[in-house]
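What follows is a set of notes on a single structure, which appears directly below.
Naming convention: chains lettered A, B, ... in sequence-line order (proteins, then strands); numbering from 1 in each chain.
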Amino acid sequence: MPDYTGREMMAIAAARQINDGDIVFCGTGISMLAAMAAKHICAPSSVIFFETGAVDSRLEEVPLAVADSRVMYGTAVNGSLADSFAVMQNPWTGRRVVGIMGAAQIDPYGNLNSTVIGDYSRPRVRFSGSGGACDVASFVGRTIIFMQHEKRKFVRQVDYLTSPGWLGGPGQREKKGLSAGGPAAVITNLALMGFDTQTRKMFLQGCFPGVTPRQILDNMSFEVDISRSREIAPPSEEELRILREVCDPQRLILN
Amino acid sequence: MNNAEDKLLDLTAAVRRYVTDGCHLSIGGFTINRNPMAAVYEIMRQRVRNLHLYAHSNGQGVDELIGAGCVAALEIAYAGSGRFAPTCIRFRKAVEAGTVAVEDYSNYQMTLRFLAGAMGLPFLPTRSALGSDIIKKWGFRASRRKSDPRLPNHKLVVIDNPFEGWGNAQRLVLVPAIQPDVTILHVQQADRQGTVRIEGLPFTDVEQAKSARHVIVTCEELVATDRLREEPERNQLPFFCVDAVVPVSMGAYPTACYRHYDYDPVYLNNYRQAALDDDRYPDYLDEFVYGVESHEALLDRIGIDQLSRIQADPRTGYAVGLDRR
């Protein structure tokens with residue numbers, strides 16, 4: 001079995017979640033690698049799409065921001081922000097979009113915080129803020145979330161709800177007026193988490209090779225169902241080759 | 001609305017005329033691309049204070065203006081410089097210290113706010129952020145909003161769809177228009193009259209410009225009017241929106257300008273190190289901002305070797321194989 005890092009496993013686990021034909025909304029960082037890898041691994045006709053307005057970018061090098069000039073090359077259309085968010089708000093196109101994003105905190109219903117730790121008016125730690133994350137989480141058919149598996153990140157209640165997940169549980173999104181979509185998976189450095197279709201609560205879907213369900217629970221501030229957990233296949237040599245040689249040869253994101 | 005034939009101005013004069021203490025300013029670009037950095041550095045050198053700054057997802061420009069103490073209030077969706085600073089560092093420090101007031105919106109909301117301003121509407125609706133703290137938590141207190149005629153009374157308003165279920169929406173968020181005193185853009189091409197051509201992604205620059213009372217455009221190339229009018233479908237901004245045209249070579253540096261140059265990883269990494277260290281940051285400002293008299297002088301200091309490394313490759317529009325670690 002080949003050697004690999006936690007970040008490589010995360011990128012590949014996310015890439016495997018992308019279906020052929022999906023329109024993939026990418027944030028900054030590891031989500032771009034996952035989307036790039038997916039095109040070579042399992043979803044050749046998926047479309048990479050950025051909130052900055054770039055549609056189907058020809059990514060010969062990994063962008064370091066969603067506004068990197070690398071996203072502007074070889075696109076179908078270089079639109080504006082007004083265009084890109086309209087694509088997601090419009091249900092005809094929006095339901096085909098899968099959004100990949102990260103955050104500083106997540107709660108059991110997949111609500112995300114990327115704004116502050118502590119009180120909003122005088123935060124202990126300030127983060128970048130929503131960017132397009134809240135828009136994507138509000139609009140699209142399905143979201144995939146990247147997180148480091150740590151107690152301080154998997155919390156009962158987020159300090160600031162930047163991007164709506166399943167809110168308080170079943171029916172809450174519709175009640176507030178959001179689209180029917182919501183978080184589908186959380187990919188961490190240890191595991192793949194899903195959301196129960198009835199309760200909308202997070203559960204352990206699978207552990208990465210060598211990780212036990214106990215370890216998962218030890219790294220969260222809330223309990224999750226671990227009864228459905230299975231071991232996730234390690235990256236294949238071909239998946240690693242694509243990630244390392246095609247997507248990020250300079251290891252700008254992988255390191 | 002400005003129909004003058006010739007709006008050429010030097011950067012010092014343009015900033016002095018339009019960017020005044022306490023004014024409401026919006027800057028174009030996105031994170032590490034096409035920020036109007038030459039103008040940002042000139043604002044810093046002129047020690048403009050108490051700016052009310054608007055952006056959607058800005059990085060380097062916002063962070064430098066905050067770092068130099070030019071900004072009192074900020075309305076924004078995102079402050080980050082991609083991998084170089086996932087959260088802008090001087091922004092983070094200022095908000096944690098309580099020296100800058102912040103109002104958070106989503107990116108689409110900020111875009112719609114500029115679009116509403118550009119359209120002459122008081123607000124526009126969206127379905128974004130329902131159920132989130134962007135709706136519930138306000139950065140500017142209600143009392144401040146009531147007493148300041150330049151601020152709307154509400155951060156935003158949630159309403160039931162007045163057309164009942166039409167359009168499959170039950171509830172909507174209304175976001176208030178922005179009408180800045182001045183918007184500054186950096187673009188690839190403009191003519192003396194102010195017609196603008198942006199290459200690559202326009203971001204929200206067009207809406208930001210159209211929403212503002214005054215617009216300063218800095219450009220890589222000053223182009224003859226006849227040449228821009230050979231292919232008008234490639235132009236985004238009509239001349240009457242623009243008040244000042246300032247040719248500035250590499251005017252977005254150290255951020256990127258598609259088909260001209262890439263972002264400078266060396267500068268941005270050096271900036272990050274300085275920004276993290278409160279003792280070193282004044283030295284950064286002295287060396288790279290206050291200690292140079294113009295953007296040209298900054299570029300001289302960086303040197304032709306480094307600048308040639310980030311020159312865009314004509315095929316792709318960026319510096320292929322650039323060491324970006």
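Residue contact with chain A, scored on non-hydrogen atoms closer than 4.5 Å, involves the backbone and the side chain of B/Thr204 alike. Of the atoms belonging to B/Gln236, not a single heavy atom falls under 4.5 Å from chain A. For chain A, no part of B/Val206 is nearby; none of its heavy atoms comes within less than 4.5 Å. Residue B/Asn161 does not touch chain A at all, counting heavy-atom pairs closer than 4.5 Å. At a 4.5 Å heavy-atom cutoff, the contact between A/Glu51 and chain B is made by side-chain atoms alone. With a threshold of 4.5 angstrom between heavy atoms, B/Tyr263 approaches chain A through side-chain atoms but not through N, CA, C or O. Contact annotation for B/Tyr105: only backbone heavy atoms (N, CA, C, O) come within less than 4.5 Å of a heavy atom of chain A.
The closest side-chain donor-acceptor pair between B/Tyr271 and B/Asp63 falls under 3.5 angstrom. With 3.5 Å as the limit, one finds a donor-acceptor pair spanning the side chains of A/Thr162 and A/Thr115. Judged by distance alone, the side chains of A/Asn78 and A/Thr75 do bring a donor and an acceptor atom under 3.5 Å apart.
In terms of heavy-atom pairs under 4.5 Å with chain A, the best-connected choice from B/Gly317, B/Ala256, B/Pro202, B/Ser57 is B/Pro202. Ranked by heavy-atom pairs under 4.5 Å with chain B, the list A/Asp68, A/Val66, A/Leu167 is led by A/Asp68. No other option in B/Arg92, B/Glu207, B/Arg324 has as many heavy-atom pairs under 4.5 Å with chain A as B/Arg324. Of the listed residues B/Val158, B/Thr255, B/Leu172, B/Ile134, the one with more heavy-atom pairs under 4.5 angstrom with chain A than any other is B/Ile134. Counting heavy-atom pairs closer than 4.5 Å to chain A, the top-ranked of the candidates B/Gly29, B/Gly80, B/Ala129 is B/Ala129. Ranked by non-hydrogen atom pairs under 4.5 Å with chain A, the options B/Arg315, B/Glu199, B/Arg141, B/Lys93 are led by B/Arg315. With chain A as the partner, the residue from B/Gly59, B/Ala77, B/Ala85 showing the most heavy-atom pairs under 4.5 Å is B/Ala77.
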*Give the intermediate values and the outcome of side-chain contact (heavy atoms from CB on, under 4.5 Å) for residues A/Ile145 and A/Ile187.*
CA-CA 6 Å; A/Ile145 301 150; A/Ile187 290 157; over 6 Å; no
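Classified by interplanar angle (parallel below 30°, tilted 30° to 60°, perpendicular above 60°), the ring pair B/Phe30/B/Phe203 is tilted.
A cation-pi geometry, defined here as NZ or CZ lying under 6.0 Å from the six-membered ring centre and within 45° of its normal, does not hold between B/Arg144 and B/Trp138.
Atom CZ of A/Arg251 has more than 12 neighbouring heavy atoms from other residues, nucleotides or ligands inside a 6.0 Å radius.
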